[in-house]
Protein chains: 2
Amino acid sequence: MIIFIPPATSTPVNIMETKPDNMIRITTQRQIILEELAKVKTHPTASELYDMVRKRLPRIGLGTVYRNLELMAENGMILKLEVGGTQKRFDATTDTHYHIRCSGCGRVDDIDTPVMDDLVKEAAASSSYLVQGHHVEFTGVCPSCQEKNKDVTYQ
Amino acid sequence: MIIFIPPATSTPVNIMETKPDNMIRITTQRQIILEELAKVKTHPTASELYDMVRKRLPRIGLGTVYRNLELMAENGMILKLEVGGTQKRFDATTDTHYHIRCSGCGRVDDIDTPVMDDLVKEAAASSSYLVQGHHVEFTGVCPSCQEKNKDVTYQ
DNA sequence: CGGTATAAAAATAATCATTCCCAACATCTT
DNA sequence: AAGATGTTGGGAATGATTATTTTTATACCG
Ligand SMILES: [Mn+2]
Ligand SMILES: [Mn+2]
Ligand SMILES: [Zn+2]
Ligand SMILES: [Zn+2]
């Protein structure tokens, strides 16, 4: 069973070239990558997702995971989080929301403070950029890392 | 001439072990890396900085640049920006401020909207993390990339 | 349906940023 | 001055990501 979904045209789009036929095919691999990503709230990295997906598709390649995460992010199906740390992370929740990253272990969680959409307008007013979006990243110490380091005082 | 500067104790600090003698030595290399970084507002990457520094210190190694940028960031002398894109960027301005990254060329500029310090309190209230800080990153298209792509419509 | 064109996957190689390692050199301590 | 300690340069190693090539799956058309 193959489903097509229309592209959620994000970033730059040349109006003259917008073909009506650029749809993404939902292959087994894409389906399962998406399902596994949607299952968790942990914002996994590509290789974490690879491990999750391999339990259901043992023969999938890491390159396939990378390629499709990239593709799905371009199509607005998922979010590619370019947060601190060495690896990119992915998020099946595409509504704008903010994140916090643990400075101890790198774990990333959602922060449920209200989104400030008018920040973009403010930024646009104060710069010569064409402002497209924004995101807020908090840093802190996750509960588990606090527990591990009771002797350490954070300031 | 060697100058010592005291460490701007940032992140985790064990009060019991805070030695009074952990100072960073300002070697020629460190001095020049810092000077070159302070000269620009472009938030250069390590290798861009390497190229700048090499004009004054032709024999310096790329590893030295990485090592010292890391060290100076740990000591709060500079900022290590973990923004989107493939490379880390550095900033001699250590006061909290926000940035915008061009989705076309990766360039990073300052955004001069007021810093919202109370965001950290809000985040702390709504999560079990010990919240330490925050930063806001806007994305957009820089003037030069707008010029280059007049035919493209951004939305 | 069968045959061909096209898209995607798997396997593997290549690239890029960053870190690690170590021998040589510099600075500090006494 | 001599030993201890810190720093550098150069190069190798690592880790994440991307590119390339071959194979497999799906679509398209008669
Ligand atoms: Mn999220
Ligand atoms: Mn800045
Ligand atoms: Zn943690
Ligand atoms: Zn640009």
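Throughout, a chain's letter reflects where its sequence line sits, starting with A, and its residues are numbered from 1.
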Check: What do the steps show when you test D109(B) against R107(B) for salt bridge (charged side-chain N to carboxylate O under 4.0 Å, His left out), and what is the final call?
Finding: CA-CA 7 Å; D109(B) 280 291; R107(B) 162 184 188 121; 2.6 Å; yes

Next item on the list: Decide yes or no on salt bridge (charged side-chain N to carboxylate O under 4.0 Å, His left out) for R89(B) and E82(B), but give the supporting numbers first.
Entry: CA-CA 7 Å; R89(B) 294 180 170 271; E82(B) 312 219 6; over 6 Å; no

Margin query: For D112(B) and H97(B), which I'm curious about, is there any donor-acceptor pair between the side chains at under 3.5 Å?
Written below: no

Please table the atom pairs, donor to acceptor, closer than 3.5 Å between any side-chain atom in residues 134-144 of chain A and protein atoms at least two apart or in another chain.
residue : atom : partner : partner atom : Å
H134(A) : NE2  : Y98(A)  : OH           : 2.6
E137(A) : OE1  : G84(A)  : N            : 3.4
E137(A) : OE2  : R101(A) : NE           : 2.9
S144(A) : OG   : K148(A) : NZ           : 3.3

Checklist line | Y50(A) OH - dA16(D) P separation (whole Å) | finding: 13 Å

Between the protein and nucleotides 6-11 of chain D, are there any N/O to N/O pairs under 3.5 Å, and if so, what are the atom names and distances?
residue : atom : partner : partner atom : Å
dT7(D)  : OP1  : R30(B)  : NH1          : 3.1
dT8(D)  : OP1  : T27(B)  : OG1          : 2.8
dT8(D)  : OP2  : R67(B)  : NH1          : 2.7
dT8(D)  : OP2  : N68(B)  : ND2          : 3.4
dT8(D)  : O3'  : Q29(B)  : NE2          : 3.0
dG9(D)  : OP1  : Q29(B)  : NE2          : 3.0
dG9(D)  : OP2  : G61(B)  : N            : 3.3
dG9(D)  : OP2  : T64(B)  : OG1          : 3.0
dG9(D)  : O5'  : R59(B)  : O            : 3.1
dG9(D)  : N7   : R67(B)  : NH2          : 3.3
dG10(D) : OP1  : R59(B)  : NH2          : 2.5
dG10(D) : OP2  : R59(B)  : O            : 3.4

Next item on the list: Specify the separation, in whole Å, of atom CD1 of I26(B) and atom P of dT27(C).
Entry: 14 Å

Check: What integer distance in Å separates K80(A):NZ from dA16(D):P?
Finding: 15 Å

Margin query: Within a 6.0 Å radius of atom CZ on R54(B), are there more than 12 heavy atoms belonging to other residues, nucleotides or ligands?
Written below: yes

Next item on the list: Give a yes/no on whether any side-chain N or O of Y66(B) is located under 4.0 angstrom from OP1 or OP2 of dT18(C).
Entry: yes

Next item on the list: Round to the nearest Å and state the distance from D51(A) atom CG to dA16(D) atom P.
Entry: 11 Å

Note to self: In this structure, how many angstroms lie between the C1' atom of dT18(C) and the CZ atom of R89(B), rounded?
What the structure shows: 16 Å

Check: Between K55(A), Q31(A), M52(A), which is the residue that forms a side-chain contact (heavy atoms from CB on, under 4.5 Å) with E36(A)?
Finding: M52(A)

Next item on the list: Rounded off to whole Å, could you give me the CD-to-C1' distance for the Q87(A) and dT18(C) pair?
Entry: 13 Å

Item checked: Those residues of residues 33-49 of chain B lying under 4.0 Å from DNA chain C by at least one heavy atom -> none

Next item on the list: State, to 0.1 Å, how close V108(B) and H43(B) come at their nearest heavy-atom pair, and which atoms those are.
Entry: O-ND1, 2.9 Å

Note to self: Looking at S127(B) and Y129(B), would you say the former's side chain and the latter's main chain have a donor-acceptor pair under 3.5 Å?
What the structure shows: yes

